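As structure tokens, the structure follows; a few thoughts come after it.
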Amino acid sequence: MIIIMKPSASQADVDAVVSRVRGFGLDVHLSAGEAHTIVGVLGNTGALDRSSFEVMPGVEGAVRVSKPYKVASREFKSADTVIDVRGVKIGGENIVVMAGPCSVESRSQIIETALAVKEAGAQVLRGGAYKPRSSPYSFQGLGEEGLELLAEAREVTGMPIITEVLGPSEVPLVTQYADILQIGARNMQNYRLLQAVGKVETPVFLKRGMSSTIQDMLMSAEYVLANGNYNVILCERGIRTFEDYTRNTFDINAIPVLKQLSHLPVIGDPSHGTGKWELVAPIAKASLAAGADGLMIEVHAHPAEAWSDGAQSLKPDRFATLMAELRNLAAALGRSM
Ligand code: PEP
Ligand code: MN
């Protein structure tokens with residue numbers, strides 16, 4: 001349920017509503033809009049009576065949120081959420097590109113790639129230090145050393161860094177380094193992990209699970225939000241279908257659907273969405289045309305020698321060409337980049 005306060009409501013009116021809600025053992029999420037403060041009620045609101053709030057001073061109305069996800073829904077918050085990561089705005093009119101290698105491999109690799117993607121206009125540096133690999137015999141990432149190298153690349157370029165956290169026990173360590181915590185597709189429904197990242201303040205980048213519906217994804221976002229972290233970014237990265245020409249089937253529909261259903265920023269990942277570098281540019285453009293707030297793109301100086309995901313990685317010069325094309329597209333879409 002959300003309780004909409006009148007523009008004339010006083011702080012005391014809001015406080016009275018909040019304490020009444022808490023009196024039922026429920027939690028609240030306050031969102032101050034331009035005209036109205038909205039009191040979002042979290043938890044099982046089945047027993048609450050709308051009319052008992054509507055008679056309180058300063059209350060304009062109370063409505064039940066019809067979706068199973070609450071805080072993530074547009075009903076709960078109509079304005080787009082904009083997340084500020086070290087001055088980089090994610091959501092809103094800015095289009096953000098997060099780029100870098102699939103895995104951090106060495107100091108020179110991450111620093112050279114960081115400088116190249118920054119030069120081309122990327123605003124966030126990506127790189128995996130803990131890799132969720134399908135095979136236990138594949139490279140698992142450099143671990144903490146990889147986090148240190150990412151921090152060094154941030155120092156050199158000034159770019160914020162995004163990196164994956166694989167398990168709940170690693171959240172404190174990864175949070176010490178990362179500006180954005182990535183939850184990988186394989187972990188989208190790892191509820192212990194979602195709860196753990198919900199309890200920190202670092203923004204969370206939630207990738208769609210391989211066989212998850214859009215609603216499953218929003219329910220996972222809700223876990224993070226309900227635990228108190230309101231900085232959640234959604235990522236469409238392709239799903240498993242019968243089609244096996246591409247690594248995954250990029251669900252372009254998911255972008256406008258997520259934008260309709262939720263106020264959270266939506267990012268497209270054409271690298272994992274296709275698995276083939278030749279398809280990255282067209283699907284990147286399609287993502288922006290469909291309304292994405294940005295992109296995550298894998299870049300490697302020598303894709304043939306990459307320790308993971310070389311086949312879908314762009315060389316830096318191809319990435320720079322794509323970025324120039326995307327800037328024109330962003331302008332045509334009335335967005336800044
Ligand atoms: C990645 O970003 O390198 C990654 C492992 O992505 P996903 O979880 O989408 O497969
Ligand atoms: Mn990858």
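This structure is a prediction, so every number in the text was calculated from the model and none was measured. First listed ligand is number 1; within each ligand, the first listed atom is number 1.
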Are more than 12 heavy atoms, taken from residues, nucleotides or ligands other than [X], located less than 6.0 Å from that residue's [atom1] atom?
{"X": "E201", "atom1": "CD", "value": "no"}
{"X": "R107", "atom1": "CZ", "value": "no"}
{"X": "R64", "atom1": "CZ", "value": "yes"}
{"X": "E325", "atom1": "CD", "value": "yes"}

Test item: side-chain donor near acceptor, D309 and H300, under 3.5 Å: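 No.
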
Beyond-backbone contact of S271 with M296, side-chain heavy atoms, under 4.5 angstrom: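 S271 vs M296: side chains apart.
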
Heavy-atom side-chain proximity of L125 to R154 below 4.5 angstrom: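 Not touching, per the 4.5 Å side-chain cut-off.
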
Would [X] count as a polar contact of ligand 1, with the cut-off being nitrogen or oxygen pairs under 3.5 Å?
{"X": "R186", "result": "yes"}
{"X": "K131", "result": "yes"}
{"X": "D309", "result": "no"}
{"X": "M296", "result": "no"}

Give a yes/no on ligand 1: does [X] have at least one heavy atom closer than 4.0 angstrom to it?
{"X": "Q182", "answer": "yes"}
{"X": "M210", "answer": "no"}
{"X": "C102", "answer": "yes"}

Just need the protein heavy atom nearest to [atom], so name the residue and atom and give the distance.
{"atom": "atom 4 (C) of ligand 1", "value": "H272 NE2, 3.4 Å"}
{"atom": "atom 6 (O) of ligand 1", "value": "K207 NZ, 3.0 Å"}
{"atom": "atom 9 (O) of ligand 1", "value": "R237 NE, 2.6 Å"}
{"atom": "atom 8 (O) of ligand 1", "value": "A185 N, 2.7 Å"}

Angular separation of D309 OD2 and H272 NE2 about the Mn ion (ligand 2), given to 10°: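 That angle works out to 90° after rounding to 10°.
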
Hydrophobic cluster partners of V21 (side-chain heavy atoms under 4.5 Å):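 Answer for V21: M1, I3, M5, V14, V17, V18, F24, L26, V28, L30, V39, V41, L48, F53, M56, V59.
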
For the Mn ion (ligand 2): the N/O/S atom of E298 at shortest distance: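 Result for E298 and the Mn ion (ligand 2): OE2.
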
Residues that R133 engages under side chain to side chain donor-acceptor pair (under 3.5 Å), provided they are two or more places apart: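 Side chain to side chain donor-acceptor pair (under 3.5 Å) check on R133 returns nothing, list empty.
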
Close-contact set for ligand 1 against G184 heavy atoms, below 4.0 Å: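 Ligand 1 atoms under the 4.0 Å threshold to G184: 8 (O).
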
